[in-house]
Amino acid sequence: MSINSIFQFLVPKDKKFFPLFEQATQNLVILAETLHEAVNAPKGKRDEYFTKIEELEGIIEGIAHKTNLELSRNFITPFDREDIYSLITAIDDVADYTYGAASRMRLYQVEKITKSIRKMTEINLEACILIQGAVADLKDMKNLKGITDACKKIAKLENKSDSVFDKAVADIFENETDAINVIKYKEVLSALETASDKCKGVANVLESIAVKHS
């Protein structure tokens, strides 16, 4: 048994941080799911989805703030303090950029949702589901392989999102004649692509934690 494993065994069961991580990732999946539903909904019904997304982003931001408060109040933590901070911040970043994509669709009144936008929201939803599962596996540190496998899948999804983004931007410049629409679509696609990058950022933190406890 490694020193890390012994220390983990001796540390009291965490009743503060893991529930916050679980709440954050649960809401993150709902947020990503809501955006995917929004881009597949008729234009007249999208607003209610966008309002829900804004509320969910606020909830996740609140959870991140509470987690950082708990860090300042608690000496004993389930794993390194800097990793706790990095993980909750990375999760919050995914929520921020997912909300940012929805906000741009709403603000710029994007009427036609392209296949690329739908595909990217689908990819990001899949990544968020993987994040939720990997974070759940952190609780007892018994399924470290499950965490690393999820991280590899998230990295592949990020590469897939990059490919969709590149093709979509090329298509816009080739086929869209309205300069304003070019800006609108590129802004939305960029926010979705950054959200995908931030999912990979969460995976990087998770992988680092898993390595430390292996």
Side-chain angles (χ1 to χ4, degrees), residues 24-25 27-65 86 88-132 153-205:
T25 55
N27 281 286
L28 184 66
V29 169
I30 297 170
L31 192 159
E33 198 171 48
T34 304
L35 181 57
H36 188 53
E37 289 171 355
V39 300
N40 285 283
K43 182 178 179 294
K45 293 186 177 180
R46 285 179 210 150
D47 228 41
E48 59 191 88
Y49 290 105
F50 293 149
T51 299
K52 184 179 177 182
I53 288 166
E54 186 174 7
E55 291 169 357
L56 288 162
E57 192 275 335
I59 290 168
I60 295 168
E61 187 175 1
I63 294 167
H65 179 66
S86 296
I88 198 64
T89 300
I91 291 169
D92 190 33
D93 285 345
V94 177
D96 284 345
Y97 281 94
T98 304
Y99 164 65
S103 180
R104 284 164 175 76
M105 288 181 213
R106 189 182 209 176
L107 184 64
Y108 301 154
Q109 298 180 13
V110 175
E111 293 190 14
K112 183 185 175 184
I113 302 295
T114 64
K115 288 181 180 179
S116 297
I117 290 173
R118 290 193 181 97
K119 187 61 183 175
M120 291 181 79
T121 62
E122 181 185 334
I123 290 169
N124 287 348
L125 172 56
E126 190 176 343
C128 288
I129 291 169
L130 287 166
I131 287 169
Q132 184 182 31
K153 289 176 183 176
I154 292 167
K156 287 180 180 178
L157 286 169
E158 192 268 339
N159 289 335
K160 190 175 180 181
S161 179
D162 283 347
S163 296
V164 175
F165 173 78
D166 290 342
K167 186 177 183 304
V169 171
D171 286 346
I172 290 168
F173 283 121
E174 185 177 349
N175 300 313
E176 182 57 64
T177 55
D178 187 325
I180 293 174
N181 279 336
V182 170
I183 295 168
K184 285 182 181 181
Y185 284 118
K186 192 169 185 302
E187 283 285 314
V188 172
L189 289 163
S190 293
L192 289 170
E193 196 268 340
T194 305
S196 180
D197 287 343
K198 297 301 180 182
C199 286
K200 187 178 178 182
V202 177
N204 290 340
V205 177

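In what follows, residues are counted from 1 in the order of the sequence shown. This is a predicted model, so every value here is computed, not measured.
In this structure the side chain of Ile131 never reaches within 4.5 angstrom of the side chain of Val29, judged on heavy atoms. Residues Lys160 and Lys119 have side chains in contact (heavy-atom distance under 4.5 Å, counting atoms from C-beta outward). For the pair Leu35 and Met105, the minimum side-chain heavy-atom distance is below 4.5 Å.
Taken to the nearest 0.5 Å, the CD1 atom of Ile117 stands 14.0 Å off from the CD atom of Glu122. With rounding to the nearest 0.5 Å, the separation of CG in Leu125 from CG in Leu31 is 10.5 Å. Distance check: Ile154 CD1 to Asn204 CG gives 9.5 Å after rounding to the nearest 0.5 Å. Atoms CD1 and CG, from Ile60 and Asp96 in turn, are 8.5 Å apart once rounded to the nearest 0.5 Å. Note that the CG atom of Asn181 and the NZ atom of Lys112 stand 10.0 Å from one another [nearest 0.5 Å]. Of the inter-residue distances, the one linking Asn27 atom CG with Ile91 atom CD1 reads 11.0 Å to the nearest 0.5 angstrom.
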Chi angles and distances behind the side-chain contact (heavy atoms from CB on, under 4.5 Å) call for Glu57, Tyr97: CA-CA 9 Å; Glu57 192 275 335; Tyr97 281 94; over 6 Å; no
Pair Glu55-Lys52, salt bridge (Lys or Arg N to Asp or Glu O under 4.0 Å): steps then yes or no: CA-CA 5 Å; Glu55 291 169 357; Lys52 184 179 177 182; over 6 Å; no
Step-by-step side-chain contact (heavy atoms from CB on, under 4.5 Å) determination, Asp162 to Glu193: CA-CA 7 Å; Asp162 283 347; Glu193 196 268 340; 2.4 Å; yes
Verdict with reasoning, Asp93 to Thr194, per side-chain contact (heavy atoms from CB on, under 4.5 Å): CA-CA 9 Å; Asp93 285 345; Thr194 305; over 6 Å; no
Pair Asp178-Glu176, side-chain contact (heavy atoms from CB on, under 4.5 Å): steps then yes or no: CA-CA 6 Å; Asp178 187 325; Glu176 182 57 64; 3.3 Å; yes
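Remark: the backbone N or O of Asn159 is paired with a side-chain donor or acceptor of Ser163 at under 3.5 angstrom. Under a 3.5 Å cut-off, the side chain of Ser103 and the backbone N or O of Tyr99 do not form any donor-acceptor pair. Within the 3.5 Å criterion, the main-chain N or O of Leu157 finds no donor-acceptor partner in the side chain of Ser161. Distance alone, capped at 3.5 Å, places no donor-acceptor pair between the Arg106 side chain and the Ala102 backbone. A donor-acceptor contact shorter than 3.5 Å links the side chain of Lys184 to the backbone of Tyr108. For the pair Arg104 (side chain) and Ser190 (backbone), a donor-acceptor distance under 3.5 Å is absent. Between the side chain of Asn40 and the main chain of His36, a donor-acceptor pair closer than 3.5 Å is present. Here the side chain of Asn124 pairs a donor or acceptor atom with the backbone of Leu192 at under 3.5 angstrom. Distance alone, capped at 3.5 Å, is enough to place a donor-acceptor pair between the Asn175 side chain and the Asp171 backbone.
Looking at every heavy atom in both residues, Ile88 comes nearest to Ala64 through CG1-CA, 3.5 Å. Minimum interatomic distance between Ala101 and Val188 (heavy atoms only, all atoms of both residues): CB-O, 4.3 Å. Closest approach of Val39 and Arg118 over heavy atoms only: O-NE, 3.1 Å. Contact record, Thr34 with Tyr49: CG2-O, 3.6 Å, taken as the closest heavy-atom pair. Closest of all the heavy-atom pairs between Ala38 and Arg46 is O-CG, 3.3 Å. Contact detail for Val94 and Thr98: the closest heavy-atom pair is O-OG1, 2.7 Å.
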